[in-house]
Undergrad: 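The structure is given below, and queries will be raised subsequently.
Note on naming: letters A, B, ... go to the chains in the order of the sequence lines (proteins, then strands), and numbering restarts at 1 for each one.
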Amino acid sequence: MNKYQVNILVSVILILFGAAILIVTPYCIPYSNLHSGMTNTELLSSHFMPKVIVGIMWVSSVINIVLNAMNLRDAKKNNKELPNMVIFKKGENIRVIAYMADFLLYGLLYPYIGFIPTSVICCVLLLLVLREKVWWYYVIDAAFAVAVYFVFKYLLFVQI
Amino acid sequence: MFLEIITTLIDPINLIMMVMGMAIGTIIGALPGLTAVMGVAIILPLTFGLPSITGMVLLLAVYCGGIYGGSITAILINTPGTPASAATAFDGYPLAKQGKGGDALYSALFASTVGGLFSCFMLLFFAPLIASAALKFGPPEYFALSFFGLVVIAVATSKNAFKGLMMASVGLFVTLIGIDPIEGVQRFTFGNVNLMTGIQLVPALLGAFALSELFEKMAHIDDDTGDTIPFKKRTIKARDLMRHWKTMLKSSIIGTIIGAIPGTGAAISSFLAYNEAKRSSKEPDTFGTGNMDGVVASETANNAVTGATMIPLLTLGIPGDAVTAILIGALMMQGIIPGPNLFDGSSPWVYIIMGSMFVINIIMYIEGTAFIRFFVHVTKIPQKLLLGTLMILCVVGAFATNNSIFDVYVMLVFGILCYVLNRLDYPLTPLVISIVLGNLAERNLRQSLVISNGSFGIFFTRPISIVFLLVSALLLISTFVKTIKQERQG
């Protein structure tokens with residue numbers, strides 16, 4: 001995808017997101033009668049801000065779409081080279097997704113097996129993903145997890 | 001009160017925290033790809049169990065150290081540790097190649113200290129003045145001020161003002177989640193008890209600034225960081241650097257002014273100061289080939305930002321950049337609300353914080369002079385090792401906020417979102433600052449409307465409010481026109 005198409009796509013997603021906010025607002029925010037008897041109660045209610053925010057979302061997204069669509073049209077008309085956007089490269093992508101999955105696993109395991117075992121497992125997995133062969137990297141990561149646990153629990157008195 | 005300030009500043013625990021924070025900040029700043037923002041975000045959880053002053057001085061030391069630390073790799077491997085040191089590399093690296101690496105590093109340290117101390121004086125002078133004016137603010141003025149802050153951040157931190165606004169609107173939506181500040185009804189909680197208190201700031205900040213950077217680092221783990229030029233002992237002394245006093249003074253003023261303006265930051269100030277030093281130099285052609293004035297200008301300006309960014313934070317409760325947004329998160333965790341009330345004279349807290357900035361800058365000089373030969377080895381720390389240790393710190397930080405695993409997921413969601421947005425060239429700062437300022441803006445907007453029985457006229461009957469709103473409108477219109485012109489020119 002080129003830069004203009006990416007910008008148009010992001011703007012469209014944001015417009016749809018704004019529409020979704022407006023649709024769910026009546027179901028997600030109960031009406032309160034706190035301001036009954038006052039004028040302009042709609043402005044004072046908790047339904048007001050979502051509408052303002054969706055307004056900002058839509059106006060900025062629509063202008064962004066128009067600008068990028070015009071640039072795209074002009075570039076095609078003048079046979080200009082379109083600025084390509086290399087967003088994701090395959091090798092990088094897999095590593096980053098693996099790292100994200102590692103974080104997710106951290107969150108899933110933490111409540112069940114506790115901080116130190118989860119940290120050790122996730123750090124070992126991370127180093128395995130990176131095909132790390134230096135054994136003491138694994139030891140340092142594990143030792144760091146233990147050190148963090150003791151610092152938080154016994155020095156800072158923060159429960160983890 | 002003066003005695004209390006001094007005794008708190010020389011309290012051994014606080015001094016240890018400053019020394020430790022400075023070392024951590026310098027190391028993080030010196031690691032290519034890790035910024036001062038990330039350093040402050042990662043260290044934030046450590047402050048949860050500390051008294052507010054001790055926690056704040058730790059974070060401020062990490063911040064100052066992080067900005068200074070970026071110069072080490074900029075000079076020795078031509079890879080700025082932080083964006084704020086990019087201009088330092090222009091002349092620092094050629095100097096290192098000429099065998100003057102030690103001199104360049106010492107000049108960077110000396111200039112950073114001068115810039116930092118200058119901005120501390122400005123903070124001490126201007127903050128009480130601004131705070132006394134802000135004490136007269138009511139909800140309309142606060143709304144106008146937070147609106148101004150949002151507009152500046154949204155349009156100034158992005159090349160495309162519309163992209164900035166799009167990101168700001170997403171951040172504002174995040175602030176809607178939870179209990180309505182006026183009516184007390186639930187908004188967008190979908191029956192989830194974890195969402196009733198809203199999206200917590202600390203996990204969101206950790207996701208946006210730490211996790212997204214870690215994902216980026218993971219993507220480029222195989223990239224070569226370049227060869228390190230061996231460290232050579234310095235041959236110059238502080239008095240030799242005094243001949244750069246004009247550059248230091250000008251760069252300090254530039255850095256302080258830029259730092260006090262929301263949405264700007266250390267990177268912009270260092271480039272501006274570098275350009276000004278080059279423009280006013282008798283030998284502009286030598287810039288980029290190893291002119292010490294270039295290193296001095298860039299480093300003075302980027303550290304002069306550190307004290308100045310505290311002016312809007314402490315006096316108005318408005319974060320000017322990503323670091324101050326994190327500092328607001330730290331203050332909130334301690335139950336401290338930044339703003340003019342901190343200056344009412346009932347507590348020395350704010351003066352201790354301002355005083356600590358002086359001590360931190362002096363510690364930076366001492367620590368930098370004594371340990372620079374150790375800090376240069378930081379570039380040899382294996383990146384693969386860092387990814388694991390920083391992952392642990394991020395998870396602990398998010399979890400410790402509320403002892404809730406939900407916050408770890410919040411951090412992960414923000415990390416993924418911000419990583420993707422960053423890759424798509426959408427600015428992250430408006431998104432995050434909107435999360436900080438959104439509640440303030442909404443609460444004051446709606447309180448004002450309740451006072452005026454729903455009339456927007458209330459904002460146009462008070463002079464301060466009118467000024468802020470007018471400036472915001474002019475800024476919006478001018479940047480919209482500029483963006484449209486820029487975009488149409490491709």
Undergrad: Please look at B:Met411 and chain A and tell me whether the side chain, the backbone, both or neither of the residue comes under 4.5 angstrom of a heavy atom of that chain.
TA: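 Contact with chain A involves the side chain of B:Met411 alone.
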
Undergrad: How far does CH2 of A:Trp58 sit from OG of B:Ser169, to the nearest 0.5 angstrom?
TA: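 Nearest 0.5 Å value for the CH2-OG distance: 12.0 Å.
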
Undergrad: Tell me, for B:Ile405 versus chain A, whether the close heavy atoms (under 4.5 Å) come from the side chain, the backbone, both or neither.
TA: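 Contact with chain A: side chain only.
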
Undergrad: Once rounded to the nearest 0.5 Å, what's the spacing between atom CG of B:Leu176 and atom OG of A:Ser46?
TA: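 Those atoms lie 10.0 Å apart.
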
Undergrad: Flag the one option from B:Ile392, B:Val170, B:Asp180, B:Leu165 with the top tally of heavy-atom pairs under 4.5 Å to chain A.
TA: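 Most heavy-atom pairs within the cutoff with chain A belong to B:Ile392.
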
Undergrad: Is it the side chain or the backbone of B:Asn160 that comes within 4.5 Å of chain A heavy atoms, both, or neither?
TA: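 The side chain, not the backbone.
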
Undergrad: Within this structure, what is the NE2-CZ distance for the pair B:His220 and A:Arg95, rounded to the nearest 0.5 Å?
TA: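 Output value for this atom pair is 9.0 Å.
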
Undergrad: Which bit of A:Ile63 comes within less than 4.5 Å of chain B, counting heavy atoms only: side chain, backbone, both or neither?
TA: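 Contact with chain B: side chain only.
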
Undergrad: For B:Met391 and A:Asp102, which heavy atoms make the closest approach, and how far apart are they?
TA: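 Heavy atoms only, the tightest pair is CE-OD2, 3.5 Å.
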
Undergrad: Heavy atoms only: give me the nearest B:Tyr426-A:Asn7 pair and the separation to one decimal.
TA: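 Minimum heavy-atom separation between B:Tyr426 and A:Asn7: OH-OD1, 3.0 Å.
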
Undergrad: At a heavy-atom separation under 4.5 Å, does B:Leu211 approach chain A through its side chain, its backbone, both, or neither?
TA: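 Side chain only.
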
Undergrad: Select one option (side chain, backbone, both, neither) describing which atoms of A:Leu14 are under 4.5 Å from chain B's heavy atoms.
TA: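 Side chain only.
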
Undergrad: Around atom CD1 of B:Ile381, are there more than 12 heavy atoms from other residues, nucleotides or ligands closer than 6.0 Å?
TA: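 Check passes, neighbour count above 12.
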
Undergrad: Would you mind telling me which of B:Leu421, B:Asn403, B:Leu50, B:Val408 has the largest number of heavy-atom pairs within less than 4.5 Å of chain A?
TA: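 The residue among B:Leu421, B:Asn403, B:Leu50, B:Val408 with the greatest pair count is B:Asn403.
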
Undergrad: So which of A:Ala145, A:Gly107, A:Cys122 has the largest heavy-atom pair count under 4.5 angstrom toward chain B?
TA: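 Going by pairs under 4.5 Å, I would pick A:Gly107.
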
Undergrad: If you measure from OG1 on A:Thr25 to CZ on B:Phe188, what distance do you get to the nearest 0.5 Å?
TA: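 It is 3.5 Å, given to the nearest 0.5 Å.
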
Undergrad: For B:Phe190, is it the side chain, the backbone, both, or neither that has a heavy atom closer than 4.5 Å to a heavy atom of chain A?
TA: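 Side chain of B:Phe190 only, per the 4.5 Å heavy-atom cut-off to chain A.
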
Undergrad: Give, as side chain, backbone, both or neither, the part of B:Phe48 having an atom under 4.5 angstrom from any heavy atom of chain A.
TA: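 For B:Phe48, the contact with chain A is made by backbone and side chain together.
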
Undergrad: Rounded to the nearest 0.5 Å, what separates atom CG in B:Asp425 from atom NZ in A:Lys3?
TA: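 Here the interatomic distance stands at 7.5 Å.
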
Undergrad: Chain B: which of A:Glu132, A:Met100, A:Met70 shares the most heavy-atom pairs with it under 4.5 Å?
TA: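 Heavy-atom pairs under 4.5 Å are most numerous for A:Met100.
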
Undergrad: With a 4.5 angstrom heavy-atom cut-off, could you sort out which part of B:Leu412 is near chain A: side chain, backbone, both or neither?
TA: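 Just the side chain, heavy atoms under 4.5 Å.
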
Undergrad: Heavy-atom pairs under 4.5 Å with chain A: which of B:Cys394, B:Gly388, B:Ala219 has the most?
TA: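 Highest number of heavy-atom pairs under 4.5 Å: B:Ala219.
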
Undergrad: Name the member of B:Lys163, B:Met166, B:Gln186 that forms the most heavy-atom pairs with chain A at distances under 4.5 Å.
TA: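 Max contact count across the listed options: B:Met166.
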
Undergrad: Where does B:Pro45 contact chain A at under 4.5 Å (heavy atoms): side chain, backbone, both or neither?
TA: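 The answer is both parts of B:Pro45.
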
Undergrad: For B:Leu46, which atoms come within 4.5 Å of any heavy atom of chain A: side chain, backbone, both, or neither?
TA: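 Both backbone and side chain of B:Leu46 come within 4.5 Å of chain A.
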
Undergrad: Under 4.5 Å from any heavy atom of chain A, what part of B:Phe480 do you find: side chain, backbone, both or neither?
TA: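 Interface part for B:Phe480: neither.
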
Undergrad: Using a heavy-atom distance cut-off of less than 4.5 Å, which residues of residues 133-143 of chain A contact chain B?
TA: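 Hits under 4.5 Å: A:Tyr137, A:Ile140, A:Asp141.
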
Undergrad: Side chain, backbone, both or neither: which part of A:Ser11 has a heavy atom under 4.5 Å from chain B?
TA: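 Both backbone and side chain.
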
Undergrad: Checking B:Tyr409 side chain against A:Leu104 main chain: does a donor-acceptor pair fall under 3.5 Å?
TA: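 Here the side-chain-to-backbone pair does not exist.
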
Undergrad: What heavy-atom pair brings B:Leu445 and A:Phe48 nearest, and what distance separates the two atoms?
TA: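 Heavy atoms only, the tightest pair is CD2-CE2, 3.7 Å.
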
Undergrad: What part of A:Val151 gets within 4.5 angstrom of chain B, counting heavy atoms only: side chain, backbone, both, or neither?
TA: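 When you check distances to chain B, only side chain atoms of A:Val151 fall under 4.5 Å.
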
Undergrad: Look up atom CZ in B:Phe162 and atom CD1 in A:Ile65, then write down how far apart they are to the nearest 0.5 Å.
TA: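 So the CZ of B:Phe162 and the CD1 of A:Ile65 are separated by 12.5 Å.
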
Undergrad: A:Tyr27 versus chain B, heavy atoms under 4.5 Å apart: side chain, backbone, both or neither?
TA: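 Neither part.
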
Undergrad: Heavy-atom distance under 4.5 Å to chain B: side chain of A:Asn68, backbone, both or neither?
TA: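 Contact with chain B involves the side chain of A:Asn68 alone.
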
